[in-house]
Amino acid sequence: MRALVCGARTLTLEHALVMGVLNITPDSFSDGGRLFVDGRPDLQTIHAAAAAMVEAGAAIIDVGGESTRPGAEPVPEADELARVLPVLEALDGLEAVISVDTSKPAVAAAAVDAGCGLINDVTGLADPAMLDVLANSSAAVCIMHMQGEPRTMQNAPEYDDVLIDVGAQLAERVQRARDAGIADNRLCIDPGFGFGKTLEHNLALLAGLETLRIRQLPLLVGLSRKRMIGALTGAPVEERMAGSIAAAVLAAERGADILRVHDVRETVQALKILEGLRG
């Protein structure tokens, strides 16, 4: 059976798993500031939110200390560490893999030392130092595709063929990780919906999702509440649950192994219908 080794925990992939989003940022596009009090992460509220997601069926909690929404400004390393590390301590003991969404090697290293089981790198291991951190750990890594950087990625992105181009970069980054000594059972890939893609690019990626699979590595997909959902439905961010769930089910049907979502309970319930159909 396929599995993803995340430090001390191993996730089996017999059916699609849900990763719950836990943004500890003041400026994330959907829920920025929700878990802040007086400019600091509210650890009691954060723990309650994470525990509720685990109780609802989340296998992974993805902690983000830096917004990667289009146009977002970088966060200094010290600020990201100050946000993330107390949260990891507060979440210790939850029955889930704790992931940290970061592209900074120092943040990744500190997070792994604090018990993080998965590093979710939106830059797809662009920094060679990140490879060193992960190669010397037992944590898993999600390698994501992004064209450009958050501040500029939606400024007229272009591809010759989005499926071929995204697949080629992901394959190159996977090989880079393998060459550094990171085993296949610690790797997963993410095509990066909304990260340097137009609506047409995103739809092509969703339609051809299974063609992006590399060496049977798990596919992680994040579509929840994103701009493409708004473009297709006309709904503002706070009203995109239904569209997000539909997109998650379609992604799972097309081979996604892990769905990164804001609405955990509702997505888990929807995925159970797909599991029932598959027998």
Report whether [X] and [Y] are members of the same hydrophobic cluster (ILVMFWY, side-chain heavy atoms less than 4.5 Å apart, transitive linking).
{"X": "Leu134", "Y": "Ile214", "answer": "yes"}
{"X": "Leu217", "Y": "Val5", "answer": "no"}
{"X": "Leu209", "Y": "Val261", "answer": "yes"}
{"X": "Leu219", "Y": "Ile119", "answer": "yes"}
{"X": "Leu220", "Y": "Ile245", "answer": "no"}

Under the side-chain contact (heavy atoms from CB on, under 4.5 Å) test, residues paired with Ala58 that sit two or more places apart | Met53, Ile61, Val264

Only counting residues at least two apart or in another chain, list the ones meeting side-chain contact (heavy atoms from CB on, under 4.5 Å) with Glu238.
-> Pro236

Would you please test Glu55 and Arg265 for salt bridge (Lys or Arg N to Asp or Glu O under 4.0 Å) and show each step?
-> CA-CA 9 Å; Glu55 189 276 331; Arg265 186 178 302 279; 2.6 Å; yes

Applying side chain to side chain contact (heavy atoms under 4.5 Å, CB included), run through Val87 and Leu43 and close with a yes or a no.
-> CA-CA 6 Å; Val87 170; Leu43 297 180; 3.9 Å; yes

Can you list the steps and then say if Asn23 with Asp101 is a side chain to side chain contact (heavy atoms under 4.5 Å, CB included)?
-> CA-CA 9 Å; Asn23 285 323; Asp101 183 347; 5.7 Å; no

Please confirm whether the backbone N or O of [Y] pairs with a side-chain atom of [X], one donor and one acceptor, at under 3.5 Å?
{"X": "Arg260", "Y": "Val221", "answer": "no"}
{"X": "Arg254", "Y": "Glu210", "answer": "no"}
{"X": "Arg215", "Y": "Ala171", "answer": "no"}
{"X": "Glu66", "Y": "Val75", "answer": "yes"}
{"X": "Asp257", "Y": "Leu13", "answer": "no"}
{"X": "Thr233", "Y": "Ala235", "answer": "yes"}
{"X": "Asn185", "Y": "Leu4", "answer": "no"}
{"X": "Arg173", "Y": "Thr123", "answer": "yes"}

Exceeds 12 heavy-atom contacts within 6.0 angstrom, atom CD of Glu89 | no

Do other residues, nucleotides or ligands put more than 12 heavy atoms under 6.0 Å from Gln175 CD?
->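 Counting other residues, nucleotides and ligands, CD of Gln175 exceeds 12 neighbours.
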
Should [X] and [Y] count as side-chain neighbours, where that means a heavy-atom distance under 4.5 Å?
{"X": "Met241", "Y": "Ser224", "answer": "no"}
{"X": "Leu81", "Y": "Val107", "answer": "yes"}
{"X": "Asp62", "Y": "Leu22", "answer": "no"}
{"X": "Val63", "Y": "Ile46", "answer": "no"}
{"X": "Leu94", "Y": "Leu91", "answer": "yes"}
{"X": "Gln147", "Y": "Phe195", "answer": "no"}
{"X": "Arg9", "Y": "Glu95", "answer": "yes"}
{"X": "Ile229", "Y": "Ser244", "answer": "yes"}

Interatomic spacing from [atom1] in [X] to [atom2] in [Y] - rounded to 0.5 Å:
{"X": "Thr211", "Y": "Ile164", "atom1": "OG1", "atom2": "CD1", "answer": "9.0 Å"}
{"X": "Thr198", "Y": "Arg227", "atom1": "OG1", "atom2": "CZ", "answer": "11.0 Å"}
{"X": "Ile143", "Y": "Ile182", "atom1": "CD1", "atom2": "CD1", "answer": "7.0 Å"}
{"X": "Gln169", "Y": "Ile189", "atom1": "CD", "atom2": "CD1", "answer": "11.5 Å"}
{"X": "Leu205", "Y": "Phe193", "atom1": "CG", "atom2": "CZ", "answer": "5.0 Å"}
{"X": "Ile98", "Y": "Cys116", "atom1": "CD1", "atom2": "SG", "answer": "8.0 Å"}

Compare every heavy atom of [Y] with every heavy atom of [X], then report the nearest pair and how far apart it is.
{"X": "His47", "Y": "Ala90", "value": "CD2-O, 2.9 Å"}
{"X": "Cys6", "Y": "Leu118", "value": "SG-CD1, 4.2 Å"}
{"X": "Leu199", "Y": "Ala231", "value": "CD2-CB, 4.0 Å"}
{"X": "Ala139", "Y": "Val112", "value": "CB-CG2, 4.0 Å"}
{"X": "Leu85", "Y": "Ala111", "value": "CD2-N, 4.3 Å"}
{"X": "Ala114", "Y": "Leu88", "value": "CB-CD1, 3.9 Å"}

For residues Thr102 and Glu80, is any side-chain donor paired with an opposing acceptor at under 3.5 Å?
-> yes

Salt-bridge present (Arg2, Asp184; N to O < 4.0 Å) | no

Identify whether the distance between the nearest side-chain nitrogen and carboxylate oxygen of Asp121 and Lys104 falls below 4.0 Å.
->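 Result for this pair is no, no salt bridge flagged.
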
What do the steps show when you test Glu158 against Lys197 for salt bridge (Lys or Arg N to Asp or Glu O under 4.0 Å), and what is the final call?
-> CA-CA 8 Å; Glu158 293 184 8; Lys197 282 96 176 172; over 6 Å; no

What do the steps show when you test Leu232 against Leu203 for side chain to side chain contact (heavy atoms under 4.5 Å, CB included), and what is the final call?
-> CA-CA 10 Å; Leu232 292 170; Leu203 291 173; 4.0 Å; yes

Verify salt bridge (Lys or Arg N to Asp or Glu O under 4.0 Å) between Arg225 and Asp263, making sure each step is shown before the conclusion.
-> CA-CA 9 Å; Arg225 302 186 188 177; Asp263 304 294; 2.9 Å; yes

Describe, in one word, how the ring planes of Tyr159 and His201 are oriented to each other, choosing from parallel (under 30°), tilted (30 to 60°) and perpendicular (over 60°).
->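 Judged by the thresholds at 30° and 60°, the geometry between Tyr159 and His201 is perpendicular.
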
Could you pull out all donor-acceptor pairs under 3.5 Å where a side-chain atom in residues 270-279 meets a protein atom, sequence neighbours excluded?
| from | atom 1 | to | atom 2 | distance (Å) |
| --- | --- | --- | --- | --- |
| Arg278 | NH2 | Ala252 | O | 2.8 |
| Arg278 | NH2 | Glu253 | O | 3.4 |

